[in-house]
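Right, one structure below, let's go through it.
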Amino acid sequence: MSWKPNEHDIIDYLYGELTPEALQRFDDYRQQNPEFAREVNEFRLTQGILPALADEEVIPPVPLVDSNSPTPVVIANKKWLYPVSIAASVAAILIAGYFSQLNLSFDENGFKMAFGNNIQSPQETVLTPTQINALIDNKVKLASAQWREEASRLEVGFAAQLAKNKKLTAAEIKKVAARKSPEGVEDEQILAFITQLQEENKRMMQNFYQASAAEQQKYMRNILLEFNTYLDQQRQQDLQFIQANMLELKSSSELKQEATDKILASIITTVNKQNSPGQ
Amino acid sequence: LQPMVNDTLLDIAMSHADRLILKARAGDDEAFNKLVSLWYKRIYNYGFKYAGSHDLAMEIAQKTFIAVHHKIAQLRDVASFKPWLYRIVINCSHDEIRQQKRTSGLSLDDSQSDRSPAPHLEIEDDLRYQPDARLQQQELADTIMAALQNLSEEQRVVVIMKEYEGLKFREIAEALDISENTAKSRLYYGLKHLRSKLANVIYENQIGRS
């Protein structure tokens with residue numbers, strides 16, 4: 001047999017790239033040449049031991065490229081970077097805390113950290129329809145009580161005014177009766193006076209009802225305004241709640257995307273290893 | 001590049017990777033970041049095996065991805081991304097070692113002693129509770145690493161690309177701008193050199209198995 005495998009053939013054999021015919025020829029030669037077979041076997045053993053130098057696990061740098069920066073920023077995962085960054089963060093928090101009145105508290109709701117004066121935020125309440133009805137009822141009752149009070153005050157005033165008018169009328173009648181005037185003039189005067197009194201009473205009644213109607217309108221408007229403000233606040237809170245949920249959803253989606261990318265990276269690594277017969 | 005119904009997971013992964021390359025080439029920084037995440041481990045490990053040092057591997061990976069960011073717009077064919085990327089990492093590795101030699105004033109072999117080992121973030125489960133086995137595994141890995149560093153640069157690059165990175169001969173040839181036969185020759189002599197350097201280990205390993 002004059003054919004002898006060269007270095008390319010050996011490599012093709014080791015990496016399974018020989019055609020079936022070439023493989024047959026190679027195997028025949030190997031069986032007939034023990035020295036060559038030993039050499040090929042040693043190559044195989046060398047290949048077999050190389051995977052003992054396994055891949056190192058590394059964490060990809062984050063962030064890699066800042067869109068706002070004209071040059072890419074690749075932050076390397078240097079092993080000293082973690083403790084240094086943690087220490088720097090703690091130092092920054094302590095300095096900021098010193099200058100901005102850091103408040104730390106721990107209660108049943110968990111650990112809280114705040115800067116500046118501790119302002120008690122109003123408790124967020126979500127009212128039920130019954131509570132809303134009760135709230136409206138209370139407001140209406142309050143308005144009604146105020147209205148009744150006002151009405152009684154006006155009524156008292158009205159009664160007093162009527163009584164005063166009555167006295168005046170009686171006095172005027174007495175005065176007229178006491179006069180010795182011609183019959184025709186006396187009747188006319190009495191009639192005019194009574195008409196004047198009626199007009200005055202009518203005007204007073206009109207004022208009273210107008211005033212009370214205006215007051216009632218004013219109270220109802222106030223109630224509706226307050227209720228509208230309350231609804232507006234509720235709407236704002238709902239929007240904030242939805243926005244927070246959306247942000248959480250986005251964050252969750254990003255985490256899932258990151259996990260997917262890691263799986264893909266793992267697949268690429270696996271594929272590379274599968275392509276490598278030594279692994 | 002749209003995923004099809006009958007695509008395998010690998011097809012979907014490759015399609016996703018290709019889409020990221022296209023987006024990154026068009027200037028999408030988010031896609032570029034994801035591309036880095038996908039390839040960082042491979043590039044770091046190439047640099048680690050090439051330079052034998054965690055710190056140098058980090059530098060190599062960093063410089064490689066900065067270079068990729070600068071040059072990705074010039075990438076013509078998405079299909080040739082892998083050899084293109086490895087060509088960049090080869091150049092960055094070469095430059096990094098040359099710079100290291102220049103600044104330290106030592107020869108490449110002399111500088112081995114200064115190189116820091118990589119942090120071992122993960123330990124295989126079966127070795128976690130077997131300190132002896134773990135030590136042996138580490139010693140074996142160190143021996144192989146030392147043998148790799150002993151290869152010529154040309155041979156080392158080809159051995160790492162084929163044995164550890166799983167590149168095809170066509171891709172190695174494309175990355176190094178050489179013929180496939182030249183790549184095979186370099187691999188042959190690289191493995192031959194490793195065989196002689198690792199003869200004792202191979203022998204002990206065989207005895208251990210038998």
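Letters go in sequence order (proteins before strands), and every chain restarts at 1.
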Test item: B:Glu180 and A:His8 side chains (from C-beta on) under 4.5 Å apart, heavy atoms: no
Which heavy-atom pair separates A:Leu53 from B:Ala141 by the least distance, and what is that distance? CD1-O, 3.7 Å
Quick one: closest heavy-atom pair of B:Gln137 and A:Ala52, and the distance? NE2-O, 3.6 Å
Look at the side chain of B:Tyr188 and the backbone N and O of A:Asp9, then say whether any donor-acceptor pair between them is shorter than 3.5 Å. no
Any side-chain heavy atom of A:Asp55 within less than 4.5 Å of one from B:Arg42? yes
Measure distances from B:Lys192 to the heavy atoms of chain A and classify the residue's part below 4.5 Å as side chain, backbone, both or neither. both
Here the pair of heavy atoms bringing A:Thr46 nearest to B:Leu191 is CG2-O, 4.0 Å
If you count heavy-atom pairs under 4.5 Å between each of B:Leu20, B:Val159, B:Ile144 and chain A, which one has the most? B:Ile144
Could you pull out the closest heavy-atom pair between A:Ala54 and B:Lys49, with the gap in Å? O-NZ, 4.0 Å
With chain A, the option among B:Leu140, B:Leu198, B:Leu148, B:Asn181 that has the most non-hydrogen atom pairs under 4.5 Å is B:Asn181
For a quick test of reading the model, state the closest non-hydrogen atom pair linking B:Lys184 to A:Ile11 and the distance between them. O-CG1, 3.5 Å
Given that the side chain runs from C-beta out, which part of A:Asn6 has a heavy atom under 4.5 Å from chain B: side chain, backbone, both or neither? neither
Side chain of B:Asn45, backbone of A:Glu56: donor and acceptor closer than 3.5 Å? yes
Is any NZ, NE, NH1 or NH2 atom of the basic residue among A:Glu57 and B:Lys41 found under 4.0 Å from an Asp or Glu carboxylate oxygen of the other? yes
Let me know if A:Glu17 has heavy atoms under 4.5 Å from chain B in its side chain, its backbone, both or neither. side chain
Any chance you could lay out the side chain to side chain contact (heavy atoms under 4.5 Å, CB included) test for B:Tyr164 and A:Leu50, step after step, and finish with the verdict? CA-CA 8 Å; B:Tyr164 293 103; A:Leu50 290 180; 3.4 Å; yes
Got a second to check how far A:Ile49's CD1 is from B:Arg195's CZ, nearest 0.5 Å? 14.0 Å
Report the distance from atom NZ of B:Lys168 to atom OH of A:Tyr15, rounding to the nearest 0.5 Å. 15.0 Å
